[in-house]
There are 2 protein chains.
Amino acid sequence: MSVQDAKLIHQQCADCPIRHRAVCARCEADELDRLEQAKYYRSFEAGQTVVWSGDRMDWVGSVVSGIATLTQTLEDGRRQMVGLLLPSDFVGRPGRATAAYDVTATTDLVMCCFRKRPFEDILASTPHIAQRLLEMTLDELDAAREWMLLLGRKTAREKIASLIAIIARRDASLKLRRAAAAVSFDLPLTREAMADYLGLTLETVSRQMSALKRDGVIELVGKRGVLIPDFDRLVEEAGDDSDGGFLV
Amino acid sequence: MSVQDAKLIHQQCADCPIRHRAVCARCEADELDRLEQAKYYRSFEAGQTVVWSGDRMDWVGSVVSGIATLTQTLEDGRRQMVGLLLPSDFVGRPGRATAAYDVTATTDLVMCCFRKRPFEDILASTPHIAQRLLEMTLDELDAAREWMLLLGRKTAREKIASLIAIIARRDASLKLRRAAAAVSFDLPLTREAMADYLGLTLETVSRQMSALKRDGVIELVGKRGVLIPDFDRLVEEAGDDSDGGFLV
DNA sequence: CCGGATTCTTGATCTGCGTCAAGGTCTCCA
DNA sequence: TGGAGACCTTGACGCAGATCAAGAATCCGG
């Protein structure tokens, strides 16, 4: 997808906190212009690193198209993914100079960015954006906490089922919603990335995928394709308490 | 500690987002009064449940004194703690009607509460509070992500060392700070609560505490008391990448 | 359509932590 | 001060998932 196409999508995206014109109906015209001037787009190829943890990061932004991940690494190389960024998700923290996590594009990626200083000014002067950002941050916090339950207490099989359910839910968010029909989609993550997300090894991920396939919970088409014949069955395997909620 | 004492502390607490008079220098007097009227204090005994997950929750609040925990539970009883609430920490989510987690007092606890509706009005009309809340929520999100790394990738020993380091850091936050002197304090959590926090069993927690003691990393005085002869050594055992950061 | 690189699957074996079980210790209250 | 109950420690054993090691499927450029 080209940056131009992505910008077009961006115009239509209702959730992105950075789409200022839509968010803020009350702002002064010159304020709007200031904001639009500060805005710029950046694109990355699949696999590229957007920023490394600890790097200076003088911008904030949101994902326009594609998928990115946030990961932390221990010095001996153990890696844990701590966030999955989808279109409209926000990256960067007002009031912090350096990146706290590695940000990596797992697919081709387009982001909409602001230099941090102007953005902070805007944040201070237009309450809507701070409030919208607060809401989004609270959602992320809920997602992170749901994920803590997964990491701390679920079995490998439950973890895999949870991840597939989560991806299915929002990949197919419109189609699905309790439609009993089978759902299919492509996993946007390698086995290794799944392992990093779930706190498992790549081998265990593969084994449990195979097990779920053997038990008829999912079907695999090629490497990345997944078909879910019975979504409720999958959710059951995920062992979710709160009906699965809506992670990320 | 009595509610009166706690209120007194509350007056002095600079971090609490709810201490409106201190936070907002620009508000109108009648707005202040409206806020102060809506405010009330509640106290709980150690072990009491503040709210159950799923319960209607028509208030928000912040901890004045004592410690509370947020936990999630799978239907078969597996429990994971997802938050530790210390004085000044905020509970409840503007724009949500029911509690998402069990909130439990682990020590005697005093909270400062607002009915949700008035609080939301105030939030909408006074940007400072939304911004302060955003900042706090971002901090919590960082803490949650650090915790995801711990849950997903650290060994039992590293988990214990991390938890002790975290508690030490902010329990002794003033005294410590690279002071080479030994630090000692009381754990505010039972072994079971520690296990729920770390995604371990109570037995494993106990075993690893003993192991750390045997290896001279910590000393135990009574059940709850901990003494850390060499803080850097402890941090090393925690395996932390980013110098341990500052969790919660 | 071929060959190399990546990514994924599967098997064998090992091990850290969970589980089950039996005491021991601290605390609190009479 | 002593006894009951909550809380903690330690041991023996088993198993889920990690680790080590081959292959097999898929992708991709030539």
Side-chain angles (χ1 to χ4, degrees), chain A residues 45-48 74 76-80 104 106-108 150-164 186-215 218-226 237 239, chain B residues 45-48 74 76-80 104 106-108 150-164 186-215 218-226 237 239:
Chain A
E45 288 171 25
Q48 259 189 300
L74 261 23
D76 62 4
R78 283 175 283 175
R79 283 157 48 88
Q80 175 66 49
T104 312
T106 62
T107 64
D108 288 349
L150 178 147
L151 289 171
R153 295 302 187 194
K154 287 191 179 178
T155 65
R157 169 183 265 244
E158 289 168 336
K159 286 178 178 182
I160 298 286
S162 300
L163 179 60
I164 294 177
D186 276 355
L187 291 170
L189 301 173
T190 64
R191 299 286 185 263
E192 189 181 22
M194 293 174 68
D196 284 343
Y197 209 155
L198 299 171
L200 298 172
T201 59
L202 162 171
E203 294 94 326
T204 299
V205 170
S206 185
R207 266 187 259 276
Q208 296 298 334
M209 294 277 288
S210 300
L212 288 174
K213 175 186 175 185
R214 171 165 28 75
D215 300 343
I218 59 176
E219 285 166 40
L220 301 177
V221 336
K223 271 181 190 171
R224 295 296 189 81
V226 175
E237 291 285 354
Chain B
E45 288 172 23
Q48 257 189 302
L74 261 22
D76 62 3
R78 284 175 281 174
R79 283 157 47 89
Q80 175 66 49
T104 312
T106 62
T107 64
D108 288 348
L150 177 146
L151 289 171
R153 297 301 187 192
K154 287 191 179 177
T155 65
R157 170 182 264 244
E158 288 169 337
K159 286 179 177 181
I160 298 286
S162 300
L163 180 60
I164 294 176
D186 277 354
L187 289 170
L189 301 173
T190 64
R191 298 286 125 102
E192 189 181 22
M194 293 173 69
D196 283 343
Y197 209 156
L198 299 170
L200 298 171
T201 59
L202 166 170
E203 293 95 327
T204 299
V205 170
S206 184
R207 266 188 260 274
Q208 296 298 334
M209 295 275 289
S210 299
L212 288 174
K213 175 185 175 185
R214 175 169 21 80
D215 300 344
I218 59 176
E219 284 166 40
L220 300 178
V221 337
K223 270 181 192 173
R224 295 297 189 82
V226 175
E237 291 284 352

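Each chain gets a letter, A, B and so on, in the order its sequence line appears, and its residues count up from 1.
- Here B/E237 does not pair with B/K159 in a salt bridge; the nearest charged N to carboxylate O distance is not below 4.0 Å.
- By the 4.5 Å heavy-atom criterion applied to side chains, B/I164 and B/I218 are counted as neighbours.
- Using a 4.5 Å heavy-atom threshold, the side chains of B/Q48 and B/T104 count as separate.
- The closest side-chain heavy-atom distance from A/M209 to A/M194 is below 4.5 Å.
- As rounded to whole Å, 18 Å separates atom P of C/dG16 from atom CG of A/L200.
- A salt bridge links A/D196 with A/R79: the distance from a Lys NZ or Arg NE/NH1/NH2 to an Asp or Glu carboxylate oxygen falls below 4.0 Å.
- Looking only at side-chain heavy atoms (C-beta outward), A/L74 and B/K154 come within less than 4.5 Å of each other.
- Note that the two end axes of the helix from C/dC1-D/dG30 to C/dA30-D/dT1 enclose an angle of 50°, each drawn from 5 base pairs, rounded to 10 degrees.
- The shortest heavy-atom contact between B/Y197 and B/L163 is CD1-CD1, 4.3 Å.
- A/D186 is not listed as a side-chain neighbour of A/K223, based on a closest heavy-atom distance of 4.5 Å or more.
- Sorted pairs that involve residues 200-214 of chain A and meet salt bridge (charged side-chain N to carboxylate O under 4.0 Å, His left out), not counting sequence neighbours, are lacking altogether.
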Summarise protein proximity over nucleotides 4-13 of chain C in one line of letters, 5' to 3': B for base, S for sugar-phosphate only, - for none, counting protein heavy atoms closer than 4.0 Å.
---BSBBBB-

Please enumerate all protein N or O atoms sitting under 3.5 Å from an N or O of nucleotides 28-30 of chain C, with distances to 0.1 Å.
none

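- Taking a 6.0 Å sphere around CZ of A/R153, one finds it holds more than 12 heavy atoms contributed by other residues, nucleotides or ligands.
- In this view, B/T204 and B/T201 satisfy the side-chain hydrogen bond (donor to acceptor under 3.5 Å, both in side chains) rule, not counting sequence neighbours.
- Counting heavy-atom neighbours within 6.0 Å of B/R157 CZ, excluding the residue itself, gives a total above 12.
- Across all strands, B/G225 comes closer than 4.0 Å to no nucleic acid atom at all (heavy-atom distances).
- Here chain A contacts DNA chain D (any atom closer than 4.0 Å to a heavy atom, that is under 4.0 Å), and the contacts span D/dG17 to D/dT26 from 5' to 3'.
- Residues B/Q80 and B/L151 form a side-chain contact, since some pair of their non-hydrogen atoms from C-beta on lies under 4.5 Å apart.
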